[in-house]
Amino acid sequence: EAIGQVKAIAFDKTGTLTMGKPQVVQVMAVENTAKLLQVAAALESMSEHPIGAAIVRAAQKQGWESVAAVNVLAKPGRGISGEVEGKIAVVGKAAFIQAQADNCPESIVKQSQKWEQEGKTVVWVAYDNDILGIIAVADTVRSTAARSIVHLKRLGIEQIVMLTGDNQCTAESIAAEIGIDGVYAELLPEAKLEVIRQLQRQYQSVAMVGDGINDAPALAQASVGIAMGTIGSDVALETADVVLMTDRLEKLEYAIRLSRRSGRIVKQNIVFALSFIVILLIANFTGNMTLPLGVLGHEGSTVLVILNGLRLLKD
Ligand code: ADP
Ligand code: MG
């Protein structure tokens with residue numbers, strides 16, 4: 001019932017509007033590419049994040065010798081940290097890494113900005129307080145995303161926005177490709193929650209579609225939380241009210257239409273059933289009703305109500 005009344009929808013970017021299967025496309029090391037990948041992959045092999053999986057795959061392709069990471073801690077929306085061979089290692093967003101490193105080479109900063117303008121996500125790697133380099137990751141947009149947005153607008157959804165922990169440049173480049181007007185970037189999980197609250201003040205009923213641990217607070221706050229079923233993390237699936245079983249965004253439009261149709265049919269049935277009872281009562285008190293006719297009328301109206309309900313099965 002709630003999903004049919006939604007007026008605004010917020011989509012997470014990575015894993016929801018995009019496939020969530022990012023690939024490492026470029027690597028730039030300050031000194032040693034093999035060391036950079038080795039440290040990054042050691043941490044990321046413990047990560048649930050799609051970026052983590054991409055980095056591990058890339059490292060394996062380069063003949064990565066697996067080294068163990070201990071005390072690994074995922075920082076949703078920021079990155080991941082831990083100890084590799086007894087030294088502190090951190091992988092993630094620029095701001096998160098730069099706070100933990102002494103050096104910050106100019107060439108790396110420049111290259112990072114360039115990749116971001118191209119719509120790539122840049123992951124920084126620091127080890128033992130030194131920046132080792134950056135890794136550019138690119139994700140493909142879901143082929144159905146743009147079409148789904150058009151259909152949702154046609155259904156009368158007033159506001160559709162993208163929420164992401166990724167940087168503004170990358171986010172805008174992808175939003176433009178899909179046809180989404182509003183972009184909220186560089187959001188930590190609690191900031192995603194705040195955007196949902198803000199949208200609720202403006203539009204009352206707001207849906208959030210997401211897949212990650214970082215989306216869980218927003219999914220819980222939204223009027224309707226919707227999780228991607230295949231790619232979605234366990235927390236997202238448990239928090240959401242609706243799960244899209246095959247990650248198909250076009251099912252969202254179906255769910256909204258189904259909800260609205262169900263609502264209409266329920267109302268029709270209530271009006272019909274009550275009117276019929278009123279007619280039977282009047283006929284009874286005016287002496288125009290026999291017992292068999294009364295039973296037939298009453299049970300008959302029930303069958304009609306059921307048949308009307310069954311119309312929902314088609315489509
Ligand atoms: P989104 O909101 O688009 O799903 P996230 O909030 O999960 O993205 O992540 C935001 C950013 O934080 C990523 O773009 C990446 O730069 C960084 N990040 C988060 N987790 C990791 C990780 N395990 N490894 C590397 N970078 C990460
Ligand atoms: Mg995500």
Side-chain angles (χ1 to χ4, degrees), residues 10-22 24 27 36-37 39-59 69 72-82 89-98 100 112 115-116 119-126 132-139 141-142 145 161-175 178 180 183-193 195-196 208-219 225-228 230-233 235-237 239-240 247 249:
F11 285 94
D12 161 56
K13 176 177 76 69
T14 320
T16 303
L17 290 171
T18 69
M19 298 293 281
K21 284 231 164 48
V24 170
V27 179
L36 165 71
L37 283 174
V39 170
L43 284 185
E44 298 287 13
S45 60
M46 319 283 280
S47 165
E48 274 190 52
H49 203 282
I51 291 180
I55 291 176
V56 172
R57 276 198 309 274
V72 176
L73 197 63
K75 313 259 167 134
R78 272 169 278 219
I80 190 165
S81 68
V90 250
V91 181
K93 274 178 24 181
F96 173 57
I97 305 306
Q98 282 164 3
Q100 323 245 354
S112 159
W115 284 342
E116 283 176 359
K120 293 166 190 151
T121 300
V122 181
V123 176
W124 291 61
V125 183
L132 293 188
I134 49 176
I135 303 173
V137 178
D139 201 353
V141 170
R142 283 183 197 278
V161 300
M162 176 201 274
L163 311 187
T164 180
D166 213 340
N167 78 87
Q168 190 80 31
C169 250
T170 316
E172 276 173 13
S173 134
I174 289 172
I178 302 174
I180 286 189
V183 176
Y184 297 83
E186 302 181 37
L187 299 178
L188 293 180
E190 52 273 30
K192 288 193 177 185
L193 173 94
V195 173
I196 297 292
M208 162 80 197
V209 196
D211 68 302
I213 307 176
N214 58 332
D215 301 319
L219 288 173
I226 302 160
M228 306 300 271
T230 316
I231 195 173
S233 62
V235 189
L237 294 186
T239 317
D247 289 354
L249 286 174

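Just so you know, these numbers come straight off a predicted model, no measurement behind them. Counting convention: from 1, in listed order, for ligands and their atoms alike.
- Atoms SG and CD, on Cys169 and Glu186 in that order, are 9.0 Å from each other to the nearest 0.5 Å.
- The Mg ion (ligand 2) has no N, O or S atom of Asn214 inside 2.8 Å of it.
- Taking a cut-off of under 4.0 Å to the non-hydrogen atoms of Val123, the atoms of ligand 1 that pass are 25 (C).
- When you scan the N, O or S atoms of Asp211 for the one nearest the Mg ion (ligand 2), you land on OD1.
- Note that CG of Leu73 and CG of Leu43 are 10.5 Å apart. Values are rounded to the nearest 0.5 Å.
- A distance of 8.5 Å separates CG in Asp247 from OG1 in Thr16, rounded to the nearest 0.5 Å.
- Tyr184 places none of its side-chain heavy atoms less than 4.5 Å from the side chain of Met162.
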Next on the checklist: For Lys192 and Asp12: C-alpha separation, side-chain torsions, deciding distance, then whether salt bridge (Lys or Arg N to Asp or Glu O under 4.0 Å) applies.
Outcome noted: CA-CA 9 Å; Lys192 288 193 177 185; Asp12 161 56; 3.1 Å; yes

Checklist entry - When you look at Leu237 and Thr239, which way does the side-chain contact (heavy atoms from CB on, under 4.5 Å) test go after all the steps? => result CA-CA 6 Å; Leu237 294 186; Thr239 317; over 6 Å; no

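- Contact annotation for Thr121 and ligand 1: only side-chain heavy atoms (C-beta onward) come within less than 4.0 Å of the ligand.
- The protein heavy-atom contact nearest to atom 3 (O) of ligand 1 is Thr14 OG1, 2.5 Å.
- Between atom 15 (C) of ligand 1 and the options Ile51, Asp12, Leu163, the minimum heavy-atom separation is to Ile51.
- The atoms of ligand 1 that sit less than 4.0 Å from any heavy atom of Asp166 are 10 (C), 14 (O).
- For Glu48, the CD atom is loosely surrounded, since the number of other residues' heavy atoms within 6.0 Å does not exceed 12.
- The shortest N or O to N or O distance between Gly165 and ligand 1 is under 3.5 Å.
- Ligand 1 lies within reach of Gly92, whose nearest heavy atom is under 4.0 Å from it.
- In terms of protein heavy-atom proximity, atom 19 (C) of ligand 1 is closest to Gly79 N, 3.6 Å.
- Among protein heavy atoms, the minimum distance from atom 17 (C) of ligand 1 is reached at Arg78 O, 3.4 Å.
- A side-chain donor-acceptor contact under 3.5 Å links Ser45 to the backbone of Ala42.
- Under the 4.0 angstrom criterion for non-hydrogen atoms, Ser47 is in contact with ligand 1.
- Nearest residue to atom 24 (N) of ligand 1 from His49, Lys13, Glu44 is Glu44 (criterion: closest heavy atom).
- Annotation: the span from Met19 atom CE to Thr14 atom OG1 amounts to 13.5 Å, rounded to 0.5 Å.
- Looking only at side-chain heavy atoms (C-beta outward), Val90 and Ile80 stay at 4.5 Å or farther from each other.
- The ligand atoms of ligand 1 that sit less than 4.0 angstrom from a heavy atom of Lys192 are 1 (P), 2 (O).
- Among Val72, Asp215, Asn214, Ile174, the residue whose heavy atom lies closest to atom 8 (O) of ligand 1 is Asn214.
- When Lys75, Glu186, Lys93 are checked for heavy-atom proximity to atom 16 (O) of ligand 1, Lys93 turns out nearest.
- Judged by the shortest distance from any of its heavy atoms, Gly212 lies outside the 4.0 Å radius around the atoms of ligand 1.
- Backbone or side-chain N, O or S atoms of Asp12 reach the Mg ion (ligand 2) at under 2.8 Å.
- For Asp139 and Lys21, the salt-bridge test fails: no basic side-chain N is under 4.0 Å from an acidic carboxylate O.
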